[in-house]
Asker: 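One structure is given below, represented as structure tokens, and several questions about it will come after.
Quick note on labels: first sequence line is chain A, next is B, and so on, each numbered from 1. Below, each value reflects all heavy atoms present in this structure, side chains not excepted, and no hydrogens, waters or symmetry copies.
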Amino acid sequence: MDWVNAILQGTLLGGLYALFAAGLSLIFGVMRLVNIAHGDLIVLAAYLGLTASTALGLHPLVALVLVVPAMFAIGYVLQRGILNRTMGDDILPPLLVTFGLSIIIQNGLLTVYTADPQKLQAGNLETASLSAGGLTVGVLPLIVFITAVAIIGALQWMFYHTALGRAFRATSDRQDIAQLMGLNRAHVFGLAMGLSLAVTAVAGIFLGIRTSFDPAVGGSRLIFGFEAVIIGGLGNLWGTLAGGIVLGVSQALGGQIHPSLQILSGHIVFLVILAVRPRGLFPKMEG
Amino acid sequence: MTEILRLDDLSKAYGAVTVADSQSWHLSAGEALGVIGPNGAGKTSMFNLVTGTVSPDSGRIFFGGQDVTSWPAPRRCRSGMARSFQVPQPFGGMTVFENAMVAATQGAGLSSRDAEALCLDILDRTGLLHRSNTLAKGLTLLERKRLELTRALCAKPKLLLLDEIAGGLTESECVSLIQTIKDIRETGVSIVWIEHVVHALLAVVDRLIVIDFGKKIADGTPHEIMNSREVREIYLGIEADA
Ligand SMILES: Nc1ncnc2c1ncn2[C@@H]1O[C@H](COP(=O)(O)OP(=O)(O)OP(=O)(O)O)[C@@H](O)[C@H]1O
Ligand SMILES: [Mg+2]
């Protein structure tokens with residue numbers, strides 16, 4: 001039963017990792033941008049949630065109403081103001097610039113919020129649980145998981161059934177030709193980053209409710225996000241969800257063997273998958 | 001007649017290769033202009049300049065009376081110009097229908113519903129309707145060429161720029177292509193058509209210009225051009241090469 005429980009908890013945790021990863025996957029899919037600052041942006045969202053909930057007395061989940069649009073706006077402005085200038089055939093400049101951004105965000109957060117660990121207070125939600133057949137699941141992890149599935153489903157639908165989705169895919173497919181079809185690349189990229197950070201906002205709030213955070217925790221969230229994206233296959237959103245679950249379950253099973261093995265076992269499974277299937281479990285069918 | 005396009009002393013060089021050499025010419029609204037010239041003359045480069053993919057070294061481009069020289073490509077497209085590519089450049093990972101929809105929603109700025117209706121109509125006219133749900137990368141070369149025309153038309157252009165769409169067609173396909181272009185003209189669209197298949201061109205255009213080494217070397221009615229000694233020399237040259 002312990003093992004079944006570990007798999008269940010790991011799966012739910014995978015939902016959170018998928019939320020960390022979905023934004024990364026989206027911008028990589030649309031513009032081949034690897035955002036090193038992604039983890040720090042998740043933490044930034046958590047802090048914005050903290051400010052919204054302390055200053056305005058909002059429940060952290062209600063604060064999403066403010067934090068999601070704020071992160072969207074930050075993403076759009078960041079892309080158009082800075083990142084678009086670094087994009088080209090060479091992938092190194094955006095990598096370096098987002099690395100610099102990561103340091104700037106961490107230090108900015110340190111200055112404004114200090115290094116003290118913080119947590120978002122979500123009241124009963126943090127401890128509420130459901131039991132059935134000898135298994136117990138927390139309501140919060142369940143909400144996180146369902147949200148992850150819903151967000152990834154919605155993004156997937158958007159990609160294949162809306163004008164915006166076609167704009168993303170056309171730009172991803174042939175930037176130069178998309179320009180000639182009336183698509184403004186700079187704007188499309190701005191929207192993609194905005195959307196990526198809107199998802200990140202949700203990830204950040206859930207992170208902040210689940211565990212305590214400080215300005216330095218972004219790095220490990222970035223790693224989990226990358227691992228989920230790569231396990232699932234680059235640019236494939238459902239694959240990213242699967243990748244998050246594989247990572248979460250690996251960690252939970254490792255933790256079941258010995259608590260100190262939790263994080264390590266996730267990395268080991270990632271490395272094994274990378275060695276056996278370098279393109280991930282569900283590589284995007286690309287020509 | 002109002003003027004839709006004007007090139008004013010337009011020049012562009014890549015190092016030692018001059019692709020546009022002080023080109024000046026214009027197109028009246030509703031007119032169909034043919035462009036001929038040997039391989040490497042700079043015909044496709046002229047489209048790159050007009051659509052904004054490439055910036056000229058000097059000279060200006062006017063579209064619908066406005067100086068668009070500094071406009072980025074998407075803005076030029078949205079203001080009513082669309083082109084096809086000599087070497088087809090579809091969005092390979094998207095279906096034929098989606099390729100058309102990108103042009104209709106982004107280029108023509110239509111709502112999804114209007115765009116769908118337009119795309120279905122144009123796919124029908126270009127003979128690709130039965131391939132609507134095929135990924136563009138799965139099309140044959142000929143179908144890709146039709147997709148080029150489809151996509152350009154779905155952007156609802158005022159000015160349609162066609163780059164060698166008749167090459168490789170059978171005689172009956174060519175006849176139906178000519179009819180399609182004539183129908184487009186009937187709707188008031190202005191056309192610039194680069195084509196090596198001269199008889200197709202002659203069936204449609206009112207005027208021809210000849211480009212060689214980036215320079216416009218002749219401009220006149222098809223009759224005048226085809227009877228000019230200079231042009232015949234260039235064309236006999238091509239036929240000998242081919
Ligand atoms: N981006 C570029 N950089 C360097 N040279 C270029 C570039 N684009 C075109 N050229 C050169 O410019 C010349 C004109 O090319 P262009 O494609 O415009 O010719 P064209 O008249 O369309 O020929 P064709 O009939 O073969 O299609 C060619 O010699 C080509 O190699
Ligand atoms: Mg050409």
Asker: Considering only heavy atoms and a distance below 4.5 Å, find which of Arg75(B), Gln106(B), Arg76(B), Arg151(B) pairs most often with chain A.
Answerer: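 Top option by heavy-atom pairs under 4.5 Å: Gln106(B).
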
Asker: When rounded to the nearest 0.5 angstrom, what is the spacing between NE2 in His161(A) and OG in Ser112(B)?
Answerer: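 Separation between the atoms: 12.0 Å.
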
Asker: Going from CG on Asn99(B) to CG on Asp173(A), what distance comes out if it is rounded to the nearest 0.5 angstrom?
Answerer: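 So the CG of Asn99(B) and the CG of Asp173(A) are separated by 7.5 Å.
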
Asker: In Å and rounded to the nearest 0.5 Å, what is the CE to OG1 distance from Met101(B) to Thr162(A)?
Answerer: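 Result: 10.0 Å between the selected atoms.
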
Asker: Heavy atoms only: give me the nearest Cys77(B)-Gly182(A) pair and the separation to one decimal.
Answerer: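 Cys77(B) and Gly182(A) have their closest heavy atoms at SG-N, 3.4 Å.
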
Asker: Give, for atom CZ of Arg83(B) and atom CE of Met181(A), the distance between the pair rounded to the nearest 0.5 Å.
Answerer: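 Result: 9.0 Å between the selected atoms.
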
Asker: Report which part of Thr105(B) has an atom under 4.5 Å of a heavy atom belonging to chain A: side chain, backbone, both, or neither.
Answerer: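 For Thr105(B), side-chain heavy atoms alone lie under 4.5 Å from chain A.
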
Asker: Is it the backbone or the side chain of Ala103(B) that comes under 4.5 Å from a heavy atom of chain A, or both, or neither?
Answerer: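 Both parts, backbone and side chain.
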
Asker: Is any side-chain heavy atom of Asp176(A) closer than 4.5 Å to one of Gln89(B)?
Answerer: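 Sidechains of Asp176(A) and Gln89(B): no contact.
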
Asker: I need the contact set between residues 81-100 of chain A and chain B: heavy-atom distance under 4.5 Å, sorted by residue number.
Answerer: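 Hits under 4.5 Å: none found.
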
Asker: Please say whether more than 12 non-hydrogen atoms of neighbouring residues, nucleotides or ligands are located less than 6.0 Å from NZ in Lys156(B).
Answerer: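 Atom NZ in Lys156(B) is not crowded, with 12 or fewer foreign heavy atoms closer than 6.0 Å.
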
Asker: Taking the side chain as every heavy atom from C-beta outward, state whether Phe91(B) and Arg166(A) have any pair of such atoms under 4.5 Å apart.
Answerer: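 No; the side chains remain at least 4.5 Å from each other.
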
